[in-house]
J.: 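Have a look at this one before I ask anything.
In listed order, ligands and their atoms are each counted from 1.
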Amino acid sequence: MENIQTQDHIQPRKGRGRLILQFLKGSKAFFILCMICAALSALADMITPQIIRVTVDNVIGSAPADTLNPTVRCLLERFGGPEAIRGRLWIMALAVIAVAVIKVVTQYCFRVFNARGGETLVKNMRDTLFRHIEHLPFRWHMQNHTGDIIQRCTSDIDTTRNFISEQMTSLIRIGIMLVLSVVFMLGMNVTLTLIAMIPLPIIVWYSLFFHHKFRKGFQECDENEGKLSAMVQENLTGVRVVRAFGRERYERDRFGKQNSFYTSLWVKLGRLMAFFWCSADILSGVQIMLVVIFGVLFCLNRGMTAGEFIAFLSYNGMLVWPVRQLGRMISEMSKAGVGIDRIGYIMDAEEEQDVPDAQEPTMDGDIRFDHVSFSYDGSPEMLHDISLTVPAGTTLGILGGTGSGKSTMMYLLDRLYDLPEENGTISIGGTDIRKIRLEHLRRNIGIVLQEPFLFSRTLKENIAITVPDLQEEELRTAARAACLDDTIQSFTKGYDTAVGERGVTLSGGQKQRAAIARMLTRPTPIMIFDDSLSAVDTETDAKIRKELEKRFGSATIILISHRITTLAKADQVLVLDHGRIAQLGTPAELSKQDGLYKEIESIQSMSVEDTEEVNA
Ligand SMILES: Nc1ncnc2c1ncn2[C@@H]1O[C@H](COP(=O)(O)OP(=O)(O)OP(=O)(O)O)[C@@H](O)[C@H]1O
Ligand SMILES: [Mg+2]
């Protein structure tokens, strides 16, 4: 887990083939069929020039029959020989049509298998990536931009699919065409074939020379597309902040700048590709010119027949076409390589894993922090030598300034971040939490996060998220305990009210209460409330706490709050100051000691008195 890489500067990845093979599960057969069809189609392409050659030389012309291949001669004999066919030229036309039909059928099958293979591949990739991302550590998610991850899971998947379903199959077709055309050309004229092949290494070298440049260009484009997506995603998520602070123009300018930069990268790449394709076309033109000049000379001086020359030119076209395509293929392959690397970046991230002998102990024991220190990646230490015990069934209140490390302590307890071995130990009932099976640990710790998150589903689905078959009455009891039932009943659709994306249609306090109700649907031996009553008024806060006390007497509760009234009933209160234990004791003890607790207590009691005076 220590080697989580950041998303910038992805290096070309080893093992791309292995990754592709992993994704190809279930679609391999379709692609093999595709390749067979591509091979048959390429073969059909090879036959037509031979038919034309025989027609020109032997049927229309008078070349002797013994120059023919025995199989072809046999075929011609079946129709009465070249002389007889001369009067029935439609036979040769029919042969051309028959070959064309074979080609059409193979191409149809190719497209059908390709579509099946491509879609199966994409589905498999999406499933695999989603499953993998779901199991990646919280820490990984914090280090990567959501928009960029989404881009990798959408457009990079498409690029990879195009590469496998288009380029890989084209590569097979190109390979077959290259080999077969050279074989046919050699069969007709060895010297002319060698002349035709002289410029090819130059064209291939030229293509490879540009390959590196394209790869870098595509990588830059892809990374910047990711940044653009992340910007859009962040703006949509933070639309309220943008509006509330009138930041539209600023955000628009920022987006505009990134968008222009992204566009300029594509324009630059487009220019490079245009230059490459045009110059590669000139090289191919030179090659064709050489073949034409020498072919004509051979026809005039060395007895090459007109039919052979026509067929040779066709095969040369088939030879040059793939070589010309090589440039396009290489640029597409570069693009796909970048896409695969970007997907590989996600797949390389290590999933959360249990230790080999992970245990599932009962979780109703004491919680103990033993000399715990912690720092986030690359940040200074946030928690310093924290040691304390929360006896089972008691309530620990935590108070501390913002950024003092309260939530961090809870993240560590829930193993959203793993505590490195040398940074102390957190144990529950004497078992080091690193040795507890993650799912077991989290199933037994109910946590209401500081920023409650609701899915864009109904209230019912949101509250019953951990217990899908929750009975109506249990659902309402949980909501009642969170002082939310009355509010929900006042909505026209009650529990079936959709809450909008991230719960936008609810107030902050309603969201917090929905998150509390969600936790209450499944009683757990440990419950954490991370400042989860901050957005509800003091009266409702008191009501909820009373309900909680009634419902879960035996649970161990950790209550993070800035309200003294909330903390006053705790068995002990921890006061954190810049990641250190500043005070630890019962509320009664702390209200007598000089320190943050006493200060806040007096400020808050003053404000209560003030309010009472104002009200009076
Ligand atoms: N994912 C993270 N990466 C790096 N630093 C982080 C991360 N999360 C929190 N921090 C830093 O760790 C420190 C403690 O944060 P934490 O969220 O634990 O504070 P807190 O006591 O819960 O504050 P608050 O009362 O505002 O919720 C802060 O300085 C914060 O900037
Ligand atoms: Mg916090």
J.: Looking at Asp385 and Arg580, does any basic side-chain N land under 4.0 Å from a carboxylate oxygen?
T.: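 Salt bridge: no.
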J.: May I ask you to check if Arg247 and Tyr250 form a cation-pi contact, with NZ or CZ under 6.0 angstrom from the six-membered ring centre and within 45° of the axis?
T.: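 Verdict for Tyr250: a cation-pi partner in Arg247.
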J.: Apply salt bridge (Lys or Arg N to Asp or Glu O under 4.0 Å) to the pair Lys598 and Glu589, showing each step before the final yes or no.
T.: CA-CA 10 Å; Lys598 194 172 166 187; Glu589 283 165 2; over 6 Å; no
J.: Could you check whether Arg252 makes a cation-pi contact with Phe255, meaning its NZ or CZ is under 6.0 Å from the centre of the six-membered ring and within 45° of the ring axis?
T.: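 Geometry flag: not set, cation outside 6.0 Å or 45°.
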J.: Which protein residues have a heavy atom under 4.0 Å from ligand 1?
T.: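 Within 4.0 Å of ligand 1, the protein residues are Tyr376, Ser379, Met382, Gly401, Thr402, Gly403, Ser404, Gly405, Lys406, Ser407, Thr408, Tyr417, Gln450, His562.
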J.: Which residues pass the salt bridge (Lys or Arg N to Asp or Glu O under 4.0 Å) test with Arg563, sequence neighbours left out?
T.: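 Testing Arg563 for salt bridge (Lys or Arg N to Asp or Glu O under 4.0 Å), a comparison that skips the adjacent residues, returns Asp541.
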J.: Only one of Arg442, Arg434, Arg415 passes salt bridge (Lys or Arg N to Asp or Glu O under 4.0 Å) with Glu352; say which it is.
T.: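 Per the salt bridge (Lys or Arg N to Asp or Glu O under 4.0 Å) rule, the option paired with Glu352 is Arg442, out of Arg442, Arg434, Arg415.
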J.: In terms of heavy-atom contacts, does NE2 of His141 have more than 12 from other residues, nucleotides or ligands at under 6.0 Å?
T.: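 Buried by this count: over 12 neighbours within 6.0 Å.
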J.: Going by salt bridge (Lys or Arg N to Asp or Glu O under 4.0 Å), name the residues that satisfy it together with Asp127, two or more places apart in sequence or in a different chain.
T.: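 For Asp127, the residues satisfying salt bridge (Lys or Arg N to Asp or Glu O under 4.0 Å) (neighbours in sequence not counted) are Lys123.
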J.: Using a 4.5 Å cut-off on heavy atoms from C-beta on, say whether the side chain of Met409 contacts that of Leu388.
T.: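 Yes, close enough: below the 4.5 Å cut-off.
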J.: Which protein atoms of type N, O or S are found under 2.8 Å from the Mg ion (ligand 2)?
T.: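 Result, waters dropped: Ser407 OG, Gln450 OE1.
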